[in-house]
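Heads up: the structure comes next, in structure tokens.
Keep in mind that what you see is a predicted model, and the values were worked out from it rather than measured.
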Amino acid sequence: MELSKNFEPQITDNKWYNHWLDKNYFKSTPDNREAYTIVMPPPNVTGVLHMGHCLNNTIQDILIRRARMKGYNTCWVPGTDHASIATEAKVVGMLRERGITKSSLSREEFLSYAWEWKEKYGGIILQQLKKLGCSLDWDRTSFTMDKEYYDSVIKVFVDLHKKGIIYRGKRMINWDVKALTALSDEEVIRKETKQKLYHLKYKLENSDEPIIIATVRPETIMGDAAICVHPNDERYKNLHGKFAFVPLINRRIPIIADEYVSMDFGTGALKVTPAHDVNDYALGQKHNLETIDIFNDNGTLSEAAQIYIGQDRFEVRKKIAVELEEKGFLLKTEEYTSEVGYSERTDVVVEPRLSLQWWLSMKDIATPALKVVMEEEIKFYPPKFKNVYRHWMENIKDWCISRQLWWGHRIPAWYDEEGNYVVAENEKEAIQEFSKKYGKSNLTIKQDEDCLDTWFSSWLWPFEVFKGYSNPNNDEINYYYPTNTLVTGPDIIFFWVARMIMAGLEYKKQIPFKEVYFTGTVRDKLGRKMSKSLGNSPDLLGLIDQYGADATRFGIMIASPAGNDILFDETALEQGRNFNNKIWNALKLIKMWEPRQSDTYQEENQFAINWFENRLDEVSKDVDNMMQQFRLSESLKTIYSLIWDDFCSWYLEWIKPGFENPINSSTYKKTVTFFTELMQLIHPFMPFVSEEIYHHLEKRNDDLCIKQLSNSKPFDSFTLSTGQLLKNTISGIRDVRNKQQLKPKETIQLFIQTDNENTYKSIESILSKQLNTSSINFTKENIAGSFTTIIDRDKFYVVTEKPIDSTNQKAELEKELNHLKGFLISVEKKLSNEKFVQNAKPEVLAIEQKKKADAESKIKTINDSLELLN
RNA sequence: GGGAGCUUAGCUCAGUUGGUUUAGAGCAUCUGCCUUACAAGCAGAGGGUCACAGGUUCGACUCCUGUAGCUCCCA
């Protein structure tokens with residue numbers, strides 16, 4: 001069969017993916033093998049594949065594929081998250097395009113649109129993962145709003161409420177004025193924001209002098225309940241207990257003292273607005289201040305503000321500043337940068353607000369979840385994230401779990417007309433509860449309008465995808481849980497990782513996973529985060545089309561150490577594509593030999609075969625170790641170099657028969673075996689090209705995808721060091737040839753001066769072939785008229801037909817000599833230091849002595865050569 | 001403001017209990033090659049006082065302290 005010039009992923013990728021699916025290789029059912037399980041972090045159902053997913057899922061696929069080849073029963077579960085805020089926003093947007101507003105719809109109508117949208121556009125990302133080659137068990141695809149999953153979420157809510165862990169309370173929350181919902185603290189992103197600090201004059205009662213306060217939010221003055229100063233602040237001591245008037249509306253407010261105020265910020269006097277600031281709220285509670293909420297849900301001013309009613313908060317800020325200035329209340333403004341909270345989903349400035357919400361008390365369930373990580377029952381890679389985790393868990397606050405949205409799990413609480421409520425799984429049970437709790441029957445009750453935070457469902461993911469809560473102790477949950485490895489970004493360590501650990505311990509009494517691998521953030525070449533506004537997110541599917549899935553996987557994996565950010569650079573994909581091509585060409589070379597096998601014994605191949613076999617064993621062992629420590633980039637680099645350098649550049653050149661000459665048949669067979677093993681090693685990283693080559697190498701009845709890796713064998717270090725000597729010698733003499741500007745076809749005579757003639761004899765035939773020598777001889781003396789070079793500890797003389805150009809030789813030898821002399825001095829200094837000789841370990845001492853001896857003998861050799869030149 | 005981490009060749013990174021030649025790799029650069037698998041290639045080469053300043057030690061890229069710069073997390 002004619003092989004194409006280059007590897008063609010466009011043809012190959014789909015072919016093999018479909019073949020693997022047909023063969024059900026990704027499908028898992030419990031059996032007597034050990035399980036290796038990963039649950040995929042479910043992307044938003046609205047999501048499309050971006051670099052973060054690509055990195056994350058490539059890593060998971062590498063782990064899963066390698067485990068599959070190591071004999072585990074691997075199960076990788078796909079799925080999507082309903083992502084309440086994000087999805088609801090998309091649906092609202094879609095409706096707006098059709099001229100429908102959410103408020104004109106009933107809940108049921110809205111939800112039917114939402115489901116319609118989900119069926120039509122949801123889960124595109126899962127199809128895209130197939131392009132990447134992800135070996136997911138598709139029959140297990142889960143969604144956080146699947147019927148059973150939904151019911152489990154509700155049951156968990158009811159259970160936690162019964163245990164007193166979930167409660168209802170009026171507290172300060174983060175309000176998203178665009179999505180019109182509460183947010184948890186974790187959904188608020190703090191960003192440095194340039195603002196203006198307004199210095200405002202408040203009139204004092206019975207005084208002509210005003211008191212000056214500084215604020216970045218002049219639009220909230222109508223909600224002021226007090227002015228607060230530090231009790232020790234001399235400037236204001238006479239004002240404690242006095243009153244001032246809010247500008248424009250002239251409301252009378254007290255001046256209070258509290259140590260909370262910092263004397264050196266602004267003027268040292270703080271306006272207290274309990275309804276619109278978390279700290280002010282606490283202050284208000286402490287001092288019994290009035291809470292005046294001057295905002296509507298959507299961030300416009302309410303009746304309570306008295307002025308600017310119905311206008312947006314930021315519009316009002318501009319207008320009120322002008323009015324304050326005109327009326328003489330504004331003393332000055334200055335530039336001021338501080339952190340402002342923005343909604344993670346809608347990017348609007350979050351409004352702190354007092355609100356009645358559902359809360360989850362975290363303290364008790366956090367304690368065991370902290371313990372399992374600190375004691376490494378769950379291991380974090382890299383371990384630095386343990387600290388981050390501990391810090392958050394030790395300072396954990398209650399979790400606001402209600403959201404004022406329709407798309408999601410509806411809170412299972414029912415209210416009667418008097419505002420009494422019960423929590424129950426459904427309306428029927430709620431009615432029963434009412435009669436039990438309040439002795440009431442035949443009443444009309446209404447279910448809570450709100451939904452639960454998305455993370456309140458995804459924290460059940462590791463067990464509920466196996467129906468571990470809805471159908472406890474089923475065969476699958478017992479087999480697959482706890483899962484093995486969670487691969488995720490550090491940005492959701494609190495949102496998700498911590499809460500899964502809590503839920504796992506609460507409901508399965510077991511950790512949800514044994515290891516967590518935190519990936520880095522993918523950034524662009526300049527180190528900036530990928531973002532829509534910067535337009536620096538590459539089109540992934542475009543890249544896969546252009547370079548192929550293997551090259552894309554290679555490109556993203558080659559420079560991504562665990563926990564460090566990845567600077568994405570398209571040249572890495574080129575490198576991947578070139579690597580594909582290199583492998584492909586090695587295949588072409590070997591296929592050329594296939595019909596040209598003979599039985600003639602080729603002595604020179606024995607060393608090459610023996611060496612490569614050992615090298616393969618050595619690298620297999622290294623890769624095993626690295627994979628266990630999740631050093632994936634390093635593993636890939638190591639295999640890359642094994643294939644490109646050791647196999648292609650050295651081994652294949654060493655055994656390559658002359659032009660149109662036959663190849664020894666056993667050499668050929670060995671080579672096919674080596675190539676197969678190499679494809680096996682690279683397969684988890686680059687599944688398509690390796691599977692394709694596997695089938696080209698020989699006619700096969702099985703597939704590489706499930707071919708089992710053999711256990712690593714011991715290797716012989718003498719053979720490996722001889723191989724290294726051979727490589728060094730070839731490189732060294734090639735350098736001489738280069739410098740003498742010898743054409744490849746011009747032969748040389750090589751003389752070797754060494755104590756290890758036998759070693760060189762075992763590699764003599766390869767040396768001869770690689771260096772195009774007419775003869776190789778051993779000598780005890782200098783060879784006149786030669787070019788001399790020292791490689792490792794031996795001396796080589798190159799004799800050519802052209803006269804030797806020795807002009808550079810002298811300079812080079814002298815350079816080497818100087819280096820060695822300097823080196824020798826440092827070694828001698830060490831050895832003449834008595835304390836070193838006394839304290840250093842014997843091995844270290846021996847090494848230093850050997851260094852000294854080597855350096856001395858080399859110096860002597862160089863001096864001899866220099867003498868000859870003079 | 002508190003905490004964590006980073007700083008090694010032009011770029012991206014290794015460097016595993018302090019001593020295996022006065023530091024390694026890939027990419028990029030330079031030189032020579034269209035050699036009968038591969039120019040998306042082959043063969044070579046150059047390039048670093050390991051951020052800075054102290055300290056511990058016989059010995060520091062590696063341990064300690066401080067300084068500067070960058071990143072992240074929390075308030």
Indicate, with a heavy-atom threshold strictly under 4.0 Å, whether [X] touches base, sugar-phosphate, or nothing.
| X | result |
| --- | --- |
| A:Ser641 | nothing |
| A:Arg737 | nothing |
| A:Lys656 | base |
| A:Glu634 | sugar-phosphate |
| A:Asn580 | nothing |

message: Please check this pair: side chain of A:Arg499 against backbone of A:Phe495, looking for a donor-acceptor N/O pair closer than 3.5 Å.
response: yes
Can you tell me, in whole Å, how much space there is between the [atom1] of [N] and that of [M]?
| N | M | atom1 | result |
| --- | --- | --- | --- |
| B:A60 | B:A53 | C1' | 15 Å |
| B:C50 | B:A9 | P | 10 Å |
| B:U16 | B:C11 | C1' | 26 Å |
| B:G24 | B:C61 | P | 14 Å |
| B:G47 | B:U31 | C1' | 15 Å |
| B:G54 | B:C30 | C1' | 41 Å |
| B:G66 | B:U29 | C1' | 39 Å |
| B:U62 | B:U8 | P | 14 Å |

State whether the number of non-hydrogen atoms from other residues, nucleotides or ligands found under 6.0 Å of [X] atom [atom1] is greater than 12.
| X | atom1 | result |
| --- | --- | --- |
| A:Glu394 | CD | yes |
| A:Lys769 | NZ | yes |
| A:Lys386 | NZ | yes |

Atom-pair distance ([atom1] on [X]; [atom2] on [N]), nearest Å:
| X | N | atom1 | atom2 | value |
| --- | --- | --- | --- | --- |
| A:Trp584 | B:A39 | CH2 | P | 15 Å |
| A:Arg390 | B:C74 | CZ | C1' | 14 Å |
| A:Glu660 | B:U36 | CD | P | 12 Å |
| A:Phe495 | B:C73 | CZ | C1' | 13 Å |
| A:Glu394 | B:G2 | CD | P | 19 Å |
| A:Lys588 | B:A40 | NZ | C1' | 12 Å |
| A:Glu570 | B:A28 | CD | P | 14 Å |
| A:Tyr651 | B:C42 | OH | C1' | 20 Å |

A:Glu653 (side chain) and B:A37 (base): donor-acceptor pair under 3.5 Å: yes
N/O donor-acceptor pair, side chain A:Arg734 with base B:A43, under 3.5 angstrom: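 No, the side chain and the base share no sub-3.5 Å donor-acceptor pair.
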Picking from [options], which would you name as closest to the side chain of [X]?
| X | options | value |
| --- | --- | --- |
| A:Val844 | B:G44, B:G19, B:C74 | B:G19 |
| A:Phe836 | B:A37, B:U16, B:C58 | B:C58 |
| A:Asn578 | B:A40, B:A37, B:A43 | B:A40 |
| A:Cys648 | B:G44, B:A37, B:C58 | B:A37 |
| A:Ala586 | B:A40, B:A43, B:A37 | B:A37 |
| A:Gln629 | B:A40, B:U16, B:G44 | B:U16 |
| A:Pro744 | B:U21, B:A43, B:U35 | B:U35 |

message: So that I know where these two stand, are A:Phe554 and A:Phe579 an aromatic pair - ring centroids less than 6.0 Å apart?
response: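 Yes: the rings meet the under 6.0 Å criterion.
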message: Using ring centroids (six-membered ring only for Trp), state whether A:Phe494 and A:Trp392 fall under 6.0 Å.
response: yes
message: Determine whether A:Asn728 and A:Gln724 satisfy the following criterion, side-chain hydrogen bond (donor to acceptor under 3.5 Å, both in side chains), listing intermediate values before the conclusion.
response: CA-CA 6 Å; A:Asn728 291 350; A:Gln724 193 55 52; 3.1 Å; yes
task: Using both pair distances under 3.5 Å as the test, note the stems of at least 3 consecutive Watson-Crick or G-U pairs that include RNA chain B.
output: B:1-7 with B:68-74, B:10-13 with B:24-27, B:29-33 with B:41-45, B:51-55 with B:63-67
On the nucleotide [N], are OP1 or OP2 found under 4.0 Å from the side-chain N or O atoms that [X] carries?
| X | N | value |
| --- | --- | --- |
| A:Trp644 | B:C42 | yes |
| A:Lys5 | B:A39 | yes |
| A:Lys582 | B:C42 | yes |
| A:Tyr640 | B:C27 | yes |
| A:Ser731 | B:G44 | yes |

- request: Please report the shortest heavy-atom distance between A:Asn56 and A:Thr488, naming the atom on each side.
  value: ND2-CA, 3.5 Å
- request: Between A:Asn387 and A:Arg523, just flag the one whose closest nucleotide in RNA chain B comes earlier from the 5' side.
  value: A:Asn387
field: Toward the 5' end of RNA chain B, by each residue's nearest nucleotide, A:Glu574 or A:Val827
entry: A:Val827
message: Using the ring-ring contact (aromatic ring centres under 6.0 Å, His included) definition, which of the options A:Trp496, A:Tyr381, A:Phe385, A:Phe630 pairs with A:Phe518?
response: A:Phe385
message: What I'd like to find out is whether the side chain of A:Thr788 reaches to under 4.5 Å of the side chain of A:Phe796, using heavy atoms alone.
response: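 Not touching, per the 4.5 Å side-chain cut-off.
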